[in-house]
Every structure is written in C-alpha cells, then in structure tokens.
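These values consider heavy atoms only, across backbone and side chains, with no hydrogens, waters or symmetry-generated copies. Being a predicted model, the structure only gives us computed values, none of them experimental. Here is how names work: the chains are called A, B, and so on, in the same order as the sequence lines, proteins then strands, and each is numbered from 1.
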Number of protein chains: 2
Amino acid sequence: MSEHVAEPRWRRLPEERPKQILDAALAVFAERGLAAARLEDIAKRAGVSKGTIYLYFANKEELFRGVVRDTVIAFIERGEASFAVERDPIRALDVWMEGHWRWIRSDVFPAMHRLANSELRDFPDLYEFYAVEVVGRAQRLVCEILERGMETGVFRRMDALVAARMLSALFVTHGTWYHQKHSFKSIANIPDGVLLAQIREFFLHAMRPDAGPSSPLVD
Amino acid sequence: MSEHVAEPRWRRLPEERPKQILDAALAVFAERGLAAARLEDIAKRAGVSKGTIYLYFANKEELFRGVVRDTVIAFIERGEASFAVERDPIRALDVWMEGHWRWIRSDVFPAMHRLANSELRDFPDLYEFYAVEVVGRAQRLVCEILERGMETGVFRRMDALVAARMLSALFVTHGTWYHQKHSFKSIANIPDGVLLAQIREFFLHAMRPDAGPSSPLVD
DNA sequence: GTTAAGTTACTGACCAGTCATTAACAGTCG
DNA sequence: CGACTGTTAATGACTGGTCAGTAACTTAAC
C-alpha cells in the first residue's frame with residue numbers, strides 16, 4: 001500500500017537557485033539587516049539548506065553584494081523609459097513622480113534605504129554605486145525635465161540640480177516616514193494619494209515662476 | 001630606585017563612570033551600530049574594564065536605551081529656548097533653521113538617525129519616543145512659527161503641519177547626504193552655508209504668498 | 001556508474017554576560 | 001601617625017550560546 005516511489009527529497013535546480021536565494025536574502029536582509037541576518041534563515045526561506053548557498057555565493061558578503069546589485073539594477077532598468085517621451089515638463093514631472101512614488105512605497109525601497117544608511121558604509125564601492133547610479137541618476141533625470149520647464153517658462157529659473165535635490169529629499173524622507181506610519185502618527189491617517197499630492201503641490205509652488213505674465217502652457 | 005608608590009592601577013570614580021561609559025557607548029554605537037558594537041570596545045574607550053559597565057547598566061540593551069535617552073534629551077533641552085521669543089516669523093524661522101542645521105551637522109545626528117532608521121525598529125518604545133519627542137516636537141515648533149507668519153501674511157495660507165513636514169524632510173535628507181559627502185559628489189563641493197541657504201531659499205519660495213498685494217512686513 | 005547538486009554535522013571564532021578575586025579608599029583604634 | 005579592617009569599585013578569566021563557513025557524505029539525474 002505504500003507509495004513506493006515518493007517525491008524525491010529535493011531536486012536539482014541549478015538554473016533557479018541563484019534567484020531563489022537572492023529573493024530570500026533580500027527579504028531577510030530587509031527585515032534584519034546585514035549583520036543580524038542568519039544564513040540558516042535565508043536558506044530555509046529559499047527552501048534549500050545552508051550549504052547550498054555556498055555553492056552559488058562565496059560568502060555572506062558576496063551574497064549581500066549580489067542582492068544589492070540585483071535589486072538596484074532591476075529598479076533602474078524598470079524606470080527611465082516611460083516619461084522620457086513626454087514633452088510637456090509638468091506632465092513629465094508628474095509621470096516621474098508617480099513612478100518614483102511607487103518605488104518609494106514598494107517594500108524594496110525601505111530595505112535598500114535602510115541598508116544604504118547603515119550597513120552600506122562598510123562597503124564603499126556599493127555605497128558609491130548606490131549614490132551615483134540610483135540617487136544621482138534620478139536627480140539628473142529630474143534635472144533635465146526641470147530645465148525644459150525653465151526654458152518654456154512653467155518653472156522659475158534656478159539651479160536645476162538644486163531643485164532636483166530638493167524634490168529628491170522630499171521624496172526620500174516622506175518615503176521613510178511612510179514606512180514607519182505606526183510611529184509617525186502625523187502621517188498615519190493620510191491616504192497615499194494625498195501624501196504624494198502634498199509633495200507635488202509644495203514642489204510646484206516652490207518652482208512656480210515669479211509674478212509676471214502668468215505663463216500659459218506652451219505648445 | 002623604584003618608584004615604590006606608583007600610580008594606583010585604577011581609581012574609584014563612581015560619580016563619573018556613568019557619563020564616561022555613555023559617551024564611549026555613543027561613539028561606538030555611532031560608528032558600528034547596536035549589534036556590531038562590542039562591549040569590550042566601549043569599555044576600552046571609557047577607560048574601564050568590561051565588568052565595570054555591568055555595575056552601571058543591566059545589559060547591552062539598557063546601555064543602549066541610556067545612550068538614546070541621554071543624547072536625545074540633551075538635544076531637546078538645548079533647543080526650544082532661543083527663538084521662542086523672536087516675534088518676526090521669518091527671523092524666528094531663520095533662528096530655528098540655524099539651530100537645526102547645527103544639530104544636523106553635529107556628529108550626533110547621523111548616529112541617531114542611522115540608529116533610528118535601522119536598529120531602533122527593534123525597540124518600539126524608543127522609536128516612538130524619538131518620533132514624537134524629536135521629530136514631532138520640532139515639527140510642532142515650526143508649525144507655530146509658520147502659523148504666525150500666515151496670520152501676518154508673509155507666508156501663503158496652507159496646512160502648516162504639512163509645510164513643517166516638508167521643511168523637516170528637506171533638512172533630514174540633506175543632513176544625511178551632508179554626512180556622506182564622499183559618495184554624494186554633487187554635494188561634496190558645496191560649502192555648508194550655501195547648502196543651508198539653498199534649503200532656506202527653496203522653502204521660502206514655496207511659502208511665499210500668491211501674487212496679490214505684495215505683502216509688507218507687519219508690525 | 002559517474003557527476004554535480006544538495007545535505008548535514010561539525011569547528012572555530014566571536015562575544016555578551018558572570019563571578020571569584022583584587023585593590024582602592026574610608027573609617028577606627030592603638 | 002601608621003596599622004588594621006570593612007566595604008565596595010573594579011578587574012579579567014571564563015562560560016555558554018550563536019553562527020559563518022567547511023567538508024565528508026548522500027542522492028538526483030542522465
């Protein structure tokens with residue numbers, strides 16, 4: 001009566017392992033941080049044994065590097081495309097904000113941000129990669145949009161890089177607060193959409209042209 | 001020829017120990033984080049042995065709580081006084097910004113902020129303490145200044161709490177970037193004063209009244 | 001039967017927390 | 001004043017638990 005050929009106790013899946021492990025590792029790193037993350041836990045979550053991790057990653061640090069690269073690169077490649085075509089600066093900015101807000105609210109952002117602000121300092125190369133490729137790149141993109149808007153007169157003239165930095169700052173901090181609603185009571189009851197709208201409204205106010213001929217949309 | 005009564009190998013200083021230990025602990029926690037900080041290192045830095053720490057603090061966690069409370073409370077008590085008297089809203093805001101910028105640039109801020117964003121999540125009570133007593137309190141203060149300014153017409157009318165949150169966001173993010181200049185190249189060459197001036201200018205632009213009778217200072 | 005994927009039991013390093021011991025200081029008395 | 005004593009601050013060797021990394025063994029798959 002016994003099912004004589006039972007399921008094999010495990011399978012060989014060399015193609016899929018790296019991704020399984022990276023996903024599990026991101027989750028555990030996100031929730032515990034680098035130092036406190038146990039390879040046992042990552043292994044369990046990935047559905048493999050600890051030893052298996054070492055078949056694909058030389059050590060914990062390399063695994064961590066893998067996670068960061070994987071996550072960040074995935075994020076970068078996802079963005080950038082959609083709003084580049086949009087010509088109207090304000091609409092382009094809106095598209096960018098929407099996308100960025102989605103990223104900020106994703107559960108990957110707080111993990112990356114937390115890591116960047118604490119443990120990434122022990123990995124100067126990774127940190128610089130993050131600063132240049134994620135933060136810097138986003139700021140340069142916004143910069144271009146803003147410069148277009150200054151040309152057409154919908155934004156006041158100012159150092160576009162500074163403005164981009166300000167916008168970035170508003171997003172980042174609100175993002176971290178958003179993910180800590182339970183402690184930041186002043187944010188807890190505000191619906192997502194409203195929070196984004198507040199940032200948008202504030203930023204556009206700061207960027208609106210000085211009094212003068214009320215600039216109409218161009219084109 | 002021997003100096004027969006040499007220095008004693010150690011001294012009894014029960015009054016001074018707690019502060020020595022807290023100072024050393026702050027330094028080590030700041031540089032390594034909670035989990036990675038070794039009590040040995042804290043002891044060495046404080047000039048005592050590991051066992052001594054346990055005479056004054058029940059365990060590592062209590063020591064950590066001590067550091068947070070000590071640091072944060074010291075910060076809170078330092079502020080608040082000076083600009084409360086200043087009646088002119090813009091000048092009051094300037095005073096507040098100066099003070100806050102000094103705090104942001106101090107070497108305690110990045111430590112506290114880093115801890116708050118990573119390890120403090122394991123201490124809900126401490127985290128809430130930080131959110132309410134530091135961030136919340138600062139925002140409420142700014143809020144009052146802004147409301148005064150809206151009354152007198154130097155600021156446009158809007159939800160003052162939202163505006164305070166925006167200002168806070170600008171400061172916090174710029175603060176963390178400031179302390180990571182080496183990676184954020186776009187900030188590296190900007191003198192402190194200019195950075196603060198940029199934030200100030202941007203915020204005041206966002207808050208300036210809508211076009212209309214250009215509001216003169218009142219009183 | 002061979003190979004490569006995967007497992008598991010182990011080891012060595014690290015470190016929070018303990019405790020038996022030591023030394024500084026105060027007080028007391030000859 | 002100097003010896004003697006009690007008290008308690010302070011020390012540091014040690015313990016026990018945790019966990020990254022290893023290596024000898026097992027099993028899937030062809």
- prompt: Taking for each residue the nucleotide of DNA chain C with the nearest heavy atom, is it B/Arg9 or B/Lys50 whose nucleotide lies nearer the 5' end?
  reply: B/Lys50

query: Under 4.0 angstrom, heavy atoms only, what part of the nucleic acid is A/Ala43 near: base, sugar-phosphate, or nothing?
result: nothing

query: Has the side chain of A/Thr176 got a donor or acceptor atom that lies under 3.5 Å from a matching backbone atom of A/Thr173?
result: yes

query: B/Tyr178 and B/His174: aromatic ring centres closer than 6.0 Å?
result: no

- request: Report yes if a donor N or O on one partner sits less than 3.5 Å from an acceptor N or O on the other, where the partners are the side chain of A/Arg12 and the base of D/dA28; otherwise report no.
  value: yes

- request: Look at all strands and tell whether B/Ala37 reaches a base, only sugar-phosphate, or nothing, counting heavy atoms closer than 4.0 Å.
  value: sugar-phosphate

Length of the line joining A/Ile53:CD1 and D/dT22:C1', which is rounded to integer Å: 14 Å

- prompt: Is A/Arg69 positioned over the aromatic face of A/Phe129, cation under 6.0 angstrom from the ring centre and no more than 45 degrees off axis?
  reply: yes

message: Using whole Å, what does the distance between atom P of nucleotide D/dA20 and atom NZ of A/Lys44 come to?
response: 13 Å

statement: To the nearest angstrom, the OH-P distance between B/Tyr54 and D/dA9 comes to 18 Å

message: Counting the atoms with a prime plus P, OP1 and OP2 as sugar-phosphate, which does A/Tyr56 contact under 4.0 Å by heavy atoms, base, sugar-phosphate, or nothing?
response: sugar-phosphate

message: Pair A/Met97, A/Phe171 - check side-chain contact (heavy atoms from CB on, under 4.5 Å), show working.
response: CA-CA 9 Å; A/Met97 282 183 174; A/Phe171 267 87; 3.7 Å; yes

message: Quick check for you: among D/dT26, D/dA9, D/dA29, whose closest atom lies nearest to any side-chain atom of A/Arg11?
response: D/dA29

- request: Classify the nucleic acid contact of B/Leu55 as base, sugar-phosphate or nothing, counting any heavy atom under 4.0 Å across all strands shown.
  value: base

No-H, no-angle donor-acceptor pair, A/Arg38 side chain to D/dT18 base, under 3.5 Å: no

statement: Bounded by its outermost nucleotides with an atom under 4.0 Å from a heavy atom of chain A, the footprint on DNA chain C reads C/dT3 to C/dT8

task: Could you tell me whether the phosphate oxygens of D/dT11, OP1 or OP2, come under 4.0 Å of any side-chain nitrogen or oxygen in B/Ser49?
output: yes

field: Distance-only donor-acceptor test (3.5 Å): side chain A/Lys60, base D/dG21
entry: no

Straight-line distance of A/Ile21 CD1 to A/Thr52 OG1, nearest 0.5 Å: 6.5 Å

- prompt: Between atom CG in A/Asn59 and atom P in D/dC19, what is the gap in whole Å?
  reply: 18 Å

message: What is the distance, to the nearest angstrom, from the CZ atom on A/Arg17 to the C1' atom on D/dA28?
response: 11 Å

message: If only side-chain N and O atoms count, and only distance matters, is there a donor-acceptor pair under 3.5 Å linking B/Gln198 with A/Arg165?
response: yes

field: Nearest-Å distance for atom pair CZ/P, residues A/Phe64 and D/dG21
entry: 14 Å

- prompt: Whole-Å distance between D/dC19 C1' and A/Glu61 CD?
  reply: 17 Å

- prompt: Do the side-chain N and O atoms of A/Arg105 and A/His179 include a donor-acceptor pair separated by under 3.5 angstrom?
  reply: no

